[in-house]
Visitor: 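Would you mind keeping the following structure in view while I ask a few things?
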Amino acid sequence: MPRQVDHESRRRLIAEAVCRLADERGLEGVTLRDVAARAQVSMGAVQRCFRTKEEMLVFALGHIGERIGERVQARLVRSPAQSAGTALGHAATEVSLLREEHRAEARVWLAFVAQAAVSEVLATTLKANYASLQEAFTRLISEADESADRAAPLDPQREARALLALADGLTTHVLVGHLTPQEAHDVLHAHLAGLWEQQ
């Protein structure tokens, strides 16, 4: 059993090294040799954890998705008494990676998104991450809509898709300098406010 725990811990250590290299050089700059050096493990250790570079990248992408998902969940747990609408705002803010401390993670996430456009195996992992986030958004929108005084109900799944796409797009706009983090935050929260103002 201890060997299995050590193996999983090493896989996570390697995933962190992949992310740091991807942040500095993009995914094309990630080699097994450089990952081993950055993780301070042998090439053999990397190859025992991952049979191929693709397998290593898939695990690293899943690792990033887990971190974002854990932060979203932590925000929801920290304030259990908050309304579903407020919880949705917190979750969308976490997903959009607008804060300075998440800038490196945002760069790595977008490097993986770009690579997923030409890698079916990365696209499959990415779609699973998006599906999980969309499900959480759908649930929160549905709960918030039930307590809103509206003439016509929202379509929670459609609104969740739109919100997830907006959050993802704002990440890109901030990274390339088209929007400041504050401007992106304002766009996101104006959209959220608009959900509950519609009749």
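Keep in mind it's a predicted model, so treat the numbers as computed, not measured.
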Visitor: Assess, by modelled atom type and distance only, whether the side chains of E16 and H63 contain a donor and an acceptor separated by less than 3.5 Å.
Guide: yes
Visitor: Is it the case that the side chain of R103 and the backbone of L98 share a donor-acceptor pair, with hydrogens and angles ignored and the cut-off at 3.5 Å?
Guide: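 Yes, R103 side chain to L98 backbone: donor-acceptor pair under 3.5 Å.
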Visitor: Between V95 and Y130, does a side chain to side chain contact (heavy atoms under 4.5 Å, CB included) hold up when you go through it step by step?
Guide: CA-CA 10 Å; V95 169; Y130 281 135; over 6 Å; no
Visitor: Can you tell me how far the SG atom of C19 sits from the CZ atom of F112, to the nearest 0.5 Å?
Guide: 5.5 Å
Visitor: For the side chain of D145 and the backbone of P153, is there at least one donor-acceptor N/O pair under 3.5 Å apart?
Guide: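 It does not hold such a pair.
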Visitor: Identify, with sequence neighbours excluded, every residue that meets side-chain contact (heavy atoms from CB on, under 4.5 Å) alongside H102.
Guide: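 Scan of H102 (side-chain contact (heavy atoms from CB on, under 4.5 Å), adjacent residues dropped) gives R71, E94, L97, R99, E105.
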Visitor: Considering all heavy atoms of both residues, which atom of R161 and which atom of Q134 are nearest to each other, and what is their separation?
Guide: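 It is CG-OE1, 3.4 Å.
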Visitor: Taking the side chain as every heavy atom from C-beta outward, state whether L27 and L21 have any pair of such atoms under 4.5 Å apart.
Guide: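 Not in contact.
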Visitor: About how many Å separate CE of M43 and CZ of R33, when rounded to the nearest 0.5 Å?
Guide: 5.0 Å
Visitor: Quick one: CG on L88 to CD on E159, what's the gap to the nearest 0.5 Å?
Guide: 10.0 Å
Visitor: I'd like to know if E70 and R67 make a salt bridge, using a cut-off of under 4.0 Å between side-chain N and carboxylate O.
Guide: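 The answer is no: the pair does not qualify as a salt bridge.
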Visitor: Closest heavy-atom contact between L140 and A87?
Guide: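 The pair with the smallest heavy-atom distance is CD2-CB, 3.9 Å.
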Visitor: Would you say the side chain of V30 lies within less than 4.5 Å of the side chain of M56, judging by non-hydrogen atoms?
Guide: yes
Visitor: What's the spacing between Q73 CD and I68 CD1 if we round to 0.5 Å?
Guide: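 So the gap between those two atoms works out to 14.5 Å.
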Visitor: Taking the side chain as every heavy atom from C-beta outward, state whether E28 and Q115 have any pair of such atoms under 4.5 Å apart.
Guide: no
Visitor: With side chains defined as the heavy atoms from C-beta onward, is the minimum distance between W109 and T172 less than 4.5 Å?
Guide: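 With C-beta onward as the side chain, the pair stays apart.
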Visitor: What orientation do F59 and F50 show, parallel under 30°, tilted 30 to 60°, or perpendicular over 60°?
Guide: tilted
Visitor: What is the minimum heavy-atom distance between A60 and A15, and which atoms define it?
Guide: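 Heavy atoms of A60 and A15 come nearest at CA-CB, 4.0 Å.
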Visitor: Is the closest side-chain donor-acceptor distance between Q47 and R51 under 3.5 Å?
Guide: no
Visitor: I'd like to know if the side chain of T171 reaches the main chain of S96, judged simply by a donor and an acceptor atom lying under 3.5 Å from each other, with no hydrogens or angles considered.
Guide: yes
Visitor: Take L61 and N129 through the side chain to side chain contact (heavy atoms under 4.5 Å, CB included) test and state the conclusion after the steps.
Guide: CA-CA 9 Å; L61 175 55; N129 286 338; 4.2 Å; yes
Visitor: Donor-acceptor pair, K127 side chain versus L122 backbone, under 3.5 Å?
Guide: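 Checking the backbone N and O of L122 against the side chain of K127, no donor-acceptor pair under 3.5 Å is found.
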Visitor: Hey, could you give me the CG/NE2 distance between L170 and H191, rounded to the nearest 0.5 Å?
Guide: 10.0 Å
Visitor: Check side-chain hydrogen bond (donor to acceptor under 3.5 Å, both in side chains) between T93 and all other residues, then give those that pass, not counting sequence neighbours.
Guide: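 For T93, the residues satisfying side-chain hydrogen bond (donor to acceptor under 3.5 Å, both in side chains) (neighbours in sequence not counted) are H189.
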Visitor: Decide if atom CD of E101 counts as having more than 12 heavy atoms of other residues, nucleotides or ligands within a radius under 6.0 Å.
Guide: yes
Visitor: Sequence neighbours excluded, which residues qualify as side-chain hydrogen bond (donor to acceptor under 3.5 Å, both in side chains) partners of E24?
Guide: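 Result, side-chain hydrogen bond (donor to acceptor under 3.5 Å, both in side chains) vs E24: R38.
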Visitor: Please report the shortest heavy-atom distance between T52 and E55, naming the atom on each side.
Guide: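 In this case the closest contact between T52 and E55 is OG1-N, 3.0 Å.
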Visitor: Which heavy atom of R48 sits nearest a heavy atom of S42, and at what distance?
Guide: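 Between these two residues, the closest heavy atoms are NH2-OG, 4.3 Å.
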Visitor: Quick one: does P181's side chain get under 4.5 Å of E100's, heavy atoms only?
Guide: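 No, every pair of side-chain atoms sits at 4.5 Å or beyond.
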Visitor: Would you name the heavy atoms of A160 and I141 that are closest together and state the gap between them?
Guide: N-CD1, 3.5 Å
Visitor: Say you draw a straight line from OG1 of T125 to CG of L57; how long is it, rounded to the nearest 0.5 Å?
Guide: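 Here the interatomic distance stands at 10.0 Å.
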